[in-house]
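Below is one structure, written out as structure tokens; the observations come after it.
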Amino acid sequence: MPELPEVETVRRSLIPRLVGRRVASVWARPIKLREGIVPSEWQRLVGMELLTIERTGKFLIARFERASALFHLGMSGRMTLAQPDNELAPHTHLRLGFDGDLELRFADPRRFGAAIVRSPATLARHRSLQALGVDPLTGDVEAALLASARSRSPIRSVLLDQRVLAGLGNIYANEALHRAGIRPLRQMRTVGRVRLPALAAAIRQVLTQALEAGGTTLRDGGFVDASGKDGAFAVQLAVYGRDGQACEECGATIVRQMATGRSAYFCPRCQR
DNA sequence: AAGCCAACCTGGACGC
DNA sequence: TGCGTCCAGGTTGGCT
């Protein structure tokens, strides 16, 4: 579900309603996610004030007074705000009750997500955070691409590699490559270095526009922000999920091709 | 040692 | 209606 624009949308919708509030209660299921939920970790948060919520790549970090919580939404994770007596969505694994009768809920049907609590120092040393590359909203995308210019992998795989750029997923990698006129499965090293600045610009542009639209919701049950609202960017997708349809740029038929276990979408005429 | 690929899960869409 | 198959927005560990 969530790539950078969706995670950032969640962050922005949580902050105004949660920051400055204190944790009043914790309800946590000891369930195995990518990193399992350990209820006793979460109980430590009771009484602590939420100071900030940060994002790096697709991770959210909620900073409390003496502990930090790391969230990853995997493919199907949702973080929503609710009243304590509201009906519980299926696969809700964690509920943080805040003062003011507001509850943060984490649900994740496919269980590829993560939700852990650590001391700030320990969390900073966490494996998955250490390995992260440049955040495309704040870092130098062009430099990150140039540093990977000699890779023998398909260029889409490079864009999906969180050690290079932290935040792109399959939707926006395909969309950025369409905007830049580059085929997703083409070897990175065969793409001329002169084309990389345009690709960097396309990446920043598509992420920024998706964020302005509140992210991409592909179908019912997909991504929602903290209030349960859908993202509006799906109508602006040029290639993702549009195989068989005409390219808006040139009219050629958009192709879907399976590679590295995931669908690549591209226009065979405007992408080379 | 870089680069594939299966594995981890559940659910929805589709075909018969 | 029901059952089987395929596919899904991500990451990682193990293999070559």
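A quick note: this is a predicted structure, and the numbers were derived from the prediction, not measured. Naming: A, B, ... by sequence-line order, numbering from 1 per chain. FYI, side chains are in, hydrogens and waters are out, and symmetry mates aren't considered; it's all heavy atoms of this structure.
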(request) Just compare C/dA8, C/dG10, B/dT10 and give me whichever is closest to any side-chain atom of A/Asn170. (result) C/dG10
(request) Take the protein atom CD of A/Glu6 and the nucleotide atom P of C/dA8, then report the distance between them rounded to whole Å. (result) 17 Å
(message) Under the rule for ring-ring contact (aromatic ring centres under 6.0 Å, His included), what residues qualify as partners of A/Phe106, not counting sequence neighbours?
(response) A/Phe71
(request) Describe the nucleic acid contact of A/Met188 in one word from base, sugar-phosphate, nothing, applying a heavy-atom distance below 4.0 Å. (result) nothing
(request) Would you check if the side chain of A/Ser13 reaches a backbone N or O of A/Ala226 as a donor-acceptor pair within less than 3.5 Å? (result) yes
(request) Please state whether the rings of A/Phe98 and A/Phe64 are parallel, tilted or perpendicular, taking 30° and 60° as the class boundaries. (result) parallel
(request) Determine the interatomic distance between P on C/dC3 and the same-named atom on B/dC9; round to the nearest Å. (result) 24 Å
(request) Side chain of A/Arg256 only, please: which of C/dT11, C/dC7, C/dG9 is the nearest? (result) C/dC7
(message) Closest approach to the side chain of A/Arg110, judged atom by atom: which nucleotide of B/dG3, B/dT10, C/dG9 is it?
(response) B/dT10
(message) Over all strands shown, is A/Tyr172 touching base, sugar-phosphate only, or nothing at heavy-atom distances under 4.0 angstrom?
(response) nothing
(request) Please state how far atom CG in A/Leu160 lies from atom P in C/dT11, giving the value in whole angstrom units. (result) 9 Å
(request) Answer yes or no: is there a side-chain heavy-atom contact under 4.5 Å between A/Leu211 and A/Glu8? (result) yes
(message) Can you pull out the residues from residues 123-131 of chain A that lie within a 4.0 Å heavy-atom distance of DNA chain C?
(response) A/Arg127, A/Ser128
(message) Students often get this wrong, so: under 4.0 angstrom with heavy atoms, is A/Gly261 touching a base, only sugar-phosphate, or nothing?
(response) nothing
(message) Distance check needed: C/dG10 P versus A/Arg163 CZ, whole Å only.
(response) 16 Å
(message) What is the distance, to the nearest angstrom, from the CE atom on A/Met75 to the C1' atom on C/dC6?
(response) 13 Å
(request) With rounding to the nearest 0.5 Å, note down the distance linking NE2 in A/His126 to CD1 in A/Ile116. (result) 3.5 Å
(request) Determine, answering yes or no, if A/Phe112 is stacked on B/dC8 under the 5.5 Å centre rule and the 30° plane rule. (result) yes
(request) Under a 3.5 Å limit for both distances, which nucleotide forms a Watson-Crick or G-U wobble pair with B/dC9, could you say? (result) none
(request) Return the value, rounded to whole Å, for the distance between atom NZ of A/Lys32 and atom P of B/dA7. (result) 16 Å
(message) How many whole angstroms separate atom CG of A/Leu33 from atom C1' of C/dT11?
(response) 13 Å
(message) Assess, by modelled atom type and distance only, whether the side chains of A/Ser68 and A/Arg63 contain a donor and an acceptor separated by less than 3.5 Å.
(response) yes
(message) When the P atoms of C/dG9 and B/dG3 are compared, how many Å lie between them, rounded to an integer?
(response) 22 Å
(request) Rounded off to whole Å, could you give me the CG-to-C1' distance for the A/Leu168 and C/dT11 pair? (result) 15 Å
(request) Select base, sugar-phosphate, or nothing to describe what A/Pro5 touches, counting heavy atoms under 4.0 Å on all strands. (result) nothing
(request) Under 4.0 Å between any heavy atoms, over every strand shown, what does A/Ser263 touch: base, sugar-phosphate, or nothing? Just pick one. (result) sugar-phosphate
(message) Can you tell me which nucleotide in C/dT11, B/dC4, B/dT10 comes closest to the side chain of A/His91?
(response) B/dT10
